[in-house]
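Side chains included, hydrogens not; waters and symmetry mates left out as well; all remaining heavy atoms used.
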Amino acid sequence: MIDDAGVSRMARYDAGQAEPKWQKAWTEKGCFETREGAGHADRPKYYVLEMFPYPSGRIHMGHVRNYAMGDVVARTKAAQGFDVLHPMGWDAFGMPAENAAMERGSHPATWTYANIDAMRTQLQAMGLAIDWSREFATCDPEYYAQQQALFLDFLDANLLTRKSATVNWDPVDMTVLANEQVIDGCGWRSGAPVEKRELTQWFFRITDYAEDLLEALDTLDGWPEKVRVMQRNWIGKSHGLQMRFEIEANQLAPDWPELEVYTTRPDTLYGMGFAAVSPEHPLAKALAEKVEGLTAFIEECRKLGTSEEALEKAEKKGFDTGLRVKHPFSGESFPVYVANFILMDYGTGAIFGCAAHDQRDLDFARKYDLKVVPVVCPADADPASFDVGDEAYVGPGSIINSDFLNGMEIEAAKNAVADRLSAAGMGEKTTNYRLRDWGVSRQRYWGAPIPVVHCDACGVVPEKKENLPVRLPDDVTFDRPGNPLERHPTWKHVPCPACGKDATRETDTMDTFVDSSWYFARFCSPRAETPTTRAEVDRWLPVDQYIGGIEHAILHLLYSRFFARAMAKTGHLSPDSVEPFKALFTQGMVTHETYSRKVKTAEGIERDVFFTPDEVSRGEDGTMRDSDGQPVTVGPTIKMSKSKRNTIDPEAIIARYGADTARWFMLSDSPPERDVEWTESGAEGAARHLQRVWRLVTEAADKIGASSGAATGTSDLRKTTHRAIRAVTDDIAAFRFNKAVAQIYGLTNAIAADKGSDPAALREAVETLIILMAPMTPHLAEEAWAALGHDAMVVEAPWPEADPDLLVDDTVTMPVQVNGKKRAEIVVAADAPKDVVEKAALAEDAVMKLLDGGSPKKVIVVPGRIVNVVL
RNA sequence: GCGGGCGUAGUCCAACGGUAGAGACAGAGGACUUAAAAUCCUUCCAGUGUGGGUUCGAAUCCCACCGCCCGCACCA
């Protein structure tokens, strides 16, 4: 940027100089520190929280957007008289720190805390209104000590269980994953296909709360419907029947007199064609020892399991075990298969197959030539001839081919079957959930150690609370895969807390999602010697506004809801705080164009090579790579990502334009829930606007001088000012930051266009502009506020109130439609009665011409809005 | 396949069922300047994805279809 002559250089707003100055001023005055204890109990509380970052080392534009939004809320609420809690911390445990340690031969803590320092500096450069005195990282022993205390309390309250289970094993990260962390059959972090393993693990009993977590979703009206739907589906409640089939006498499985299945369609019991169990079903395992080929089949299923399945569009495969079950009513005999499409995780891991009314069962039956009997007949079909082809019929209808059920509707038939089976002691109605217990054991170092000891004599013994924290040892190595805690020479050898004999520590650590499931509560009293202090959590929780990415719609948000319930049960939270987040806002992503070229590798494979925005320039002939002057392909606008190299570094933007510009641009244009595209021209436009505001303010400061009388009258400028107050206030409250920004542009334009307003009205307009902008561009606002002669800071200024008298007009311009088409405009008094408005409309030339002397069929007058004349 | 969302100027986006345009970006012209930058002024551009319906009146409500995005996905 070329510097200009001295005069205009003086006039320019220098963000690089102003921003650190005001950040220092805020910090010195403790503007954002929220007091504990009595605090500001006279003021209503407001807790605003953005999802805390993982300390990867650098902030990205997604952070800028997220924290800019939260900051607008925090600053606006503070100006509106709320006692605001707006803290920040670090979600600091997890695999990347271990990976970094492996690569660099250093310690995860070194890497993590260095990253935290770097990111704190970057976040502070954004000028966020954060109470940094409450900062903590989840890897601080002070934090995980309290998490271990929670774990022990949960254990005591039967909220935890230790059980052997088939778990998802990530072969790359060499650790267990929760169901929620398996995406398309692959580990959420490593992307490697997940394997099944049998391990003894700690589980939080989240399924005990399945019904509560589901029902309470209806009360979360401050949450996006989308997220509630996703959680509802995840919990996956279904009503059905758990029933038992008698297994016919055989040599193969003499210990198995019956097979238990779960069904939501007991009405189709007479349509049964086969029974099937999961390859992981105990019966399958028992049979595998005796039935030739079954072991191989099960092994094949296990391997295919999850990854290829998606590609191959799930071909149904089965293995006839030779076993047969008896129909409970007809006595008919049906084969039992082991089938690859039966999930062990759901229901009982076994089904009865009704081919005619379930697509999967039909595919399977056609393949193995099994019986297909339609038992539900649609209303418009002939029961005598109704049959299915290759498409199962799943719609409503009446029951056929089903003995005592014939003629019933589906619901009645379900009940009839359930009644008869339960009377015979062969089944009962059950409610089933898709939600599984939350397995939290991880075979990793960089996590909170699970505070239990294994003793040969006493079994699993909880560590004593006074011995917390169970600290991670510092002297560990990462030169080999696996868990360093396991192979540490001394760490795990401890006396049993119960009997004092030699025993072994648990070497598993907790899933990092545990860390983030209660940090919002810890912020209320971050230095307490207990996990929470009731006075503080009772004052602050629930979080009034939580802001973060949609990617946490299930995992983090569901776990946190469970944790709040568990903490309430163990006395760490009020029973009123079981919903930790009163309102949730999920912001969109930050996107950018991509720049690439097709390049052939040595093997002759064509692939894309990407370039960063810094490496290319847009010219008249298209977009070129600077280093070689050759064109690049401008690709789709997608989420900023390292792999596509379409990232913009916030630090560079702040250095170039200032934090206010970055914040302003992030809030402009796109609605916050939608994706926003970062463009160079957009950023420049934002910077230009801030310069313009600065210029208007300094010009106005000259005009206003020292005059300080209150503005009076009803000038256009005053009306515009007060309308902006109303609109911006409403827009910010409703998370319509893009509209608030547009309103501020409107007010800015009005001030720029204003010629003759009196100094008082001009002062009012300019000061309003500054205060309305302050939540978004706080540094510029302070600088401008000072330029107008204020000694106090704008953060201390109260939010303005709109004067209702200035929001209404005396007269309004109303369009006049004839048959829905606009033909004229009339100007009438705002409170003119309908008949006056009607008369004025009908007196318009254009209307009279169309009326042609006749009288209208109807005249609709919407006061203040429109007149429609119907001929 | 199921569920949710979105389609409005060249672009991003506004519009209680009531004049399609608040605002921004980009473009064009002009002013200032030796020139450029910066700044200021003026200005072009769509009738709302498509087809129906409800209504005095539809971008908005309803139905169908098309396109894009996001979840979930053998859940018995």
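Of the candidates rG3(B), rU39(B), rC56(B), the closest approach to any side-chain atom of R688(A) belongs to rU39(B). For N340(A), the listed nucleotide lying nearest its side chain is rC74(B); candidates were rA24(B), rU19(B), rC74(B). If you check rC74(B), rC56(B), rG18(B) against the side chain of Q817(A), the one that comes closest is rG18(B). Of the listed nucleotides (rU19(B), rG3(B), rC13(B)), rC13(B) has the atom at the smallest distance from the side chain of P671(A). For V862(A), the listed nucleotide lying nearest its side chain is rG18(B); candidates were rA76(B), rA22(B), rG18(B). Closest to the Y346(A) side chain, of the nucleotides rA26(B), rA73(B), rA76(B), is rA76(B). Comparing rA76(B), rU19(B), rG18(B) by their nearest atom to the side chain of E825(A) picks out rU19(B). Of the listed nucleotides (rU39(B), rA73(B), rG18(B)), rA73(B) has the atom at the smallest distance from the side chain of R434(A).
In this structure rG47(B) sits in no base pair that meets the Watson-Crick or G-U test at under 3.5 Å. Pair check for rA73(B) finds none; no Watson-Crick or G-U wobble contact set falls under 3.5 Å. Remark: rA15(B) base-pairs with no nucleotide in the shown strands. Criterion, Watson-Crick or G-U wobble with two distances under 3.5 Å. Taking a pair to require two hydrogen-bonding distances under 3.5 Å in either a Watson-Crick or a G-U wobble arrangement, rA22(B) remains unpaired. With a cut-off of 3.5 Å on both pairing distances, the Watson-Crick or G-U wobble partner of rC6(B) is rG67(B).
Counting non-hydrogen atoms under 4.0 angstrom, G685(A) reaches the backbone sugars and phosphates but no base. As judged by a 4.0 angstrom heavy-atom cut-off over every strand, N738(A) is placed among residues touching the sugar-phosphate backbone only. Among the protein residues, D361(A) comes within range of no part of the nucleic acid, since none of its heavy atoms lies under 4.0 Å from any strand. Nucleic acid contact for Y262(A): base, since at least one base atom lies under 4.0 Å from a heavy atom of the residue. Counting non-hydrogen atoms under 4.0 angstrom, S668(A) reaches nothing in the nucleic acid. Counting any heavy atom pair closer than 4.0 Å across all strands shown, I744(A) reaches no nucleic acid atom. Residue contacts shown for T679(A) are absent, as no nucleic acid heavy atom lies under 4.0 Å away.
Using a 4.0 Å cut-off between a side-chain N of Lys or Arg and a carboxylate O of Asp or Glu, D345(A) and R436(A) do not qualify as a salt bridge. Between K719(A) and D809(A), at least one side-chain N (NZ, or NE/NH1/NH2) sits under 4.0 Å from a carboxylate O, which counts as a salt bridge. Between R656(A) and E680(A) there is a salt bridge, with a side-chain nitrogen of the basic residue lying less than 4.0 Å from a carboxylate oxygen of the acidic one.
Between rC40(B) and R692(A), a contact under 4.0 Å exists linking OP1 or OP2 to a side-chain N or O. Between R674(A) and the phosphate of rA14(B), there is a side-chain N or O to OP1/OP2 separation shorter than 4.0 Å. In this model, the phosphate group of rC75(B) is not approached by any side-chain N or O of R436(A) to a distance below 4.0 Å at OP1 or OP2. An OP1 or OP2 oxygen of rA22(B) is reached within less than 4.0 angstrom by no side-chain nitrogen or oxygen of N749(A). Between rA76(B) and T263(A), no contact under 4.0 Å exists linking OP1 or OP2 to a side-chain N or O.
Ring geometry for F274(A) against F364(A) counts as tilted: the plane angle lies between 30° and 60°, on a 0 to 90° scale. Note on ring orientation: taking the six-membered ring where Trp is involved, the planes of Y595(A) and H592(A) are perpendicular (angle over 60°, cut-offs 30° and 60°).
A cation-pi contact, defined as under 6.0 Å to the ring centre and within 45° of the axis, is absent between R12(A) and W694(A).
Remark: the separation of the P atoms in rC62(B) and rC74(B) is 32 Å, to the nearest Å. Rounded to a whole angstrom, the distance from the P atom of rC32(B) to that of rC25(B) is 24 Å. To the nearest whole angstrom, the two C1' atoms, one in rG67(B) and one in rG51(B), are 15 Å apart.
Along RNA chain B, the nucleotide nearest to A752(A) and the one nearest to E684(A) differ in position, and the one closer to the 5' end is contacted by E684(A). With the nearest nucleotide of RNA chain B identified for both Q743(A) and Q691(A), Q743(A) has the one nearer the 5' end.
Between the base of rC13(B) and the side chain of K739(A) there is no donor-acceptor pair shorter than 3.5 Å. Remark: the D669(A) side chain and the rG23(B) base include a donor-acceptor N/O pair separated by less than 3.5 Å.
More than 12 heavy atoms of other residues, nucleotides or ligands lie within 6.0 Å of CG in N819(A), so this atom counts as buried by the packing criterion.
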